[in-house]
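Structure, as structure tokens:
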Amino acid sequence: MTSKLSASKLGGILAAAKAEDRAALIGYLPAGFPTVDGGIRAIKALIEGGCDVVEVGLPHSDPVLDGSVIQTADDIALRGGVRIKDVLRTVQEVAAAHPEAAVLVMTYWNPVDRYGVARFAADLAAAGGAGCILPDLPVEESEEWRKAADEHGLDTVFVVAPSSKDARLAEVTAAGSGFVYAAAVMGVTGTRTAVGSMAEDLVARTRATTDLPVCVGLGVSDAVQAAEVARFADGVIVGSAFVKRILAAGQDEAAALDAVRGLAEELASGVRRR
């Protein structure tokens, strides 16, 4: 087993949740959705509602791992003209307003590569970011990023899936830091109606290779599901359910903020009754 307990801000927040005998709540929204400023307010609302960690998505024109809900949000953000500088501003404003939370960027690799690996790591750290989730970067090709991230105190979170063999899990967890993102269903992201046994099995197999926290993205959408996942995972990751609340509110930003804050409160109660 690889021992890589993190002394980073992200690691500290996850350790604090564990010390409270609960799972951490991790919320995701893309930057620039529905607007850059509106997205900043929405991500702040996630923390106000009880998220310990937030993932700021870097919108991508071809988000191959994301379901239709997040693809819709990405499209709105891109049509609104969002750029990497807006993503970094989102990180900066959220991190400054809520130093008690860890702010990560979740991005596909191509935008980082085009921006410049060392430059992106430096700018993300300067903005107050705690790390990066890179779902499509193979660990074999990650050395340049991990070196830059380490130089700036950033965690690098890699994604594992039910299809990952045990040897592959060991390779991925040895390269990552902060936590391991267990994408615990086959296929694209999105809300689900039930929690299957596949998620718990993946967490158990992943834990056999590392002492990093294992956080699960499963399409959780309510407190009951959050409590069920929190029973076996170190963190519960929720994205599509938050995006749906904003889409449902339409042009009513106040209603959207109330909706995502309220959902975060509900989910936060769920991870505490594991």
Side-chain angles (χ1 to χ4, degrees), residues 1-15 24 26 28 30-31 53-60 62-65 83-92 94-96 99 101-161 164-183 206-207 209-215 217 234-235 237:
M1 178 187 290
T2 301
S3 179
K4 294 193 67 177
L5 289 177
S6 176
S8 66
K9 180 174 186 177
L10 176 59
I13 287 171
L14 292 169
I26 303 171
Y28 165 93
V53 179
V54 289
E55 303 173 8
V56 177
L58 197 161
H60 195 274
D62 186 26
V64 293
L65 299 179
R83 296 290 184 267
I84 289 181
K85 64 180 177 62
D86 301 310
V87 177
L88 293 170
R89 180 165 77 85
T90 298
V91 172
Q92 183 173 28
V94 173
V103 184
L104 308 176
V105 165
M106 185 167 187
T107 178
Y108 293 95
W109 179 243
N110 181 257
V112 176
D113 192 38
R114 293 186 62 180
Y115 188 85
V117 175
R119 179 187 173 202
F120 188 84
D123 288 354
L124 177 56
C132 211
I133 303 171
L134 298 162
D136 67 337
L137 177 64
V139 294
E140 295 86 354
E141 300 172 18
S142 67
E143 183 177 356
E144 182 183 8
W145 164 259
R146 287 187 287 124
K147 180 180 178 182
D150 287 346
E151 288 177 354
H152 293 284
L154 299 172
D155 279 313
T156 299
V157 177
F158 289 111
V159 179
V160 297
S164 303
K165 303 299 184 184
D166 291 350
R168 182 60 177 172
L169 290 176
E171 293 173 353
V172 172
T173 58
S177 62
F179 67 87
V180 183
Y181 189 126
T206 304
R207 281 185 174 148
T209 71
T210 184
D211 54 10
L212 286 173
V214 183
C215 302
D234 298 297
I237 303 169

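Here the CG-OG1 distance, from D136 to T107, works out to 8.0 Å after rounding to the nearest 0.5 Å. The CE atom of M106 lies 9.0 Å from the CG atom of L134; values are rounded to the nearest 0.5 Å. Between the CD1 atom in I26 and the CD atom in E55 there is a gap of 6.5 Å [rounded to 0.5 Å]. Note that CZ of R146 is 9.0 Å distant from CG of L137, once rounded to the nearest 0.5 Å. Between the SG atom in C215 and the CD1 atom in I133 there is a gap of 9.0 Å [rounded to 0.5 Å]. Here the straight-line distance linking atom OG1 of T90 with atom NZ of K85 works out to 10.5 Å at 0.5 Å rounding.
Closest heavy-atom contact between S164 and L169: CB-CD2, 3.6 Å. The two residues A101 and I13 make their nearest non-hydrogen contact at C-CD1, 3.6 Å.
A perpendicular orientation is assigned to the rings of W109 and W145, their planes being inclined by more than 60° (bins at 30° and 60°).
Although no hydrogens or angles enter the test, the distance criterion places a donor-acceptor pair under 3.5 Å between the side chain of D234 and the main chain of V214. S177 contributes a side-chain N or O that, together with a main-chain N or O of T156, makes up a donor-acceptor pair within less than 3.5 Å. K9 places no side-chain N or O within donor-acceptor distance of the main-chain N or O of L154, the cut-off being under 3.5 Å.
The side-chain heavy atoms of L58 and F120, taken from C-beta on, include a pair separated by under 4.5 Å.
Summarising the local packing, CZ of R83 is surrounded by 12 or fewer heavy atoms from other residues, nucleotides or ligands at distances under 6.0 Å.
With sequence neighbours left out, A95 forms a side chain to side chain contact (heavy atoms under 4.5 Å, CB included) with V103.
Residue pairs satisfying the salt bridge (charged side-chain N to carboxylate O under 4.0 Å, His left out) criterion with at least one member in residues 167-181, sequence neighbours excluded, are listed as follows: E140-R168, R168-E171.
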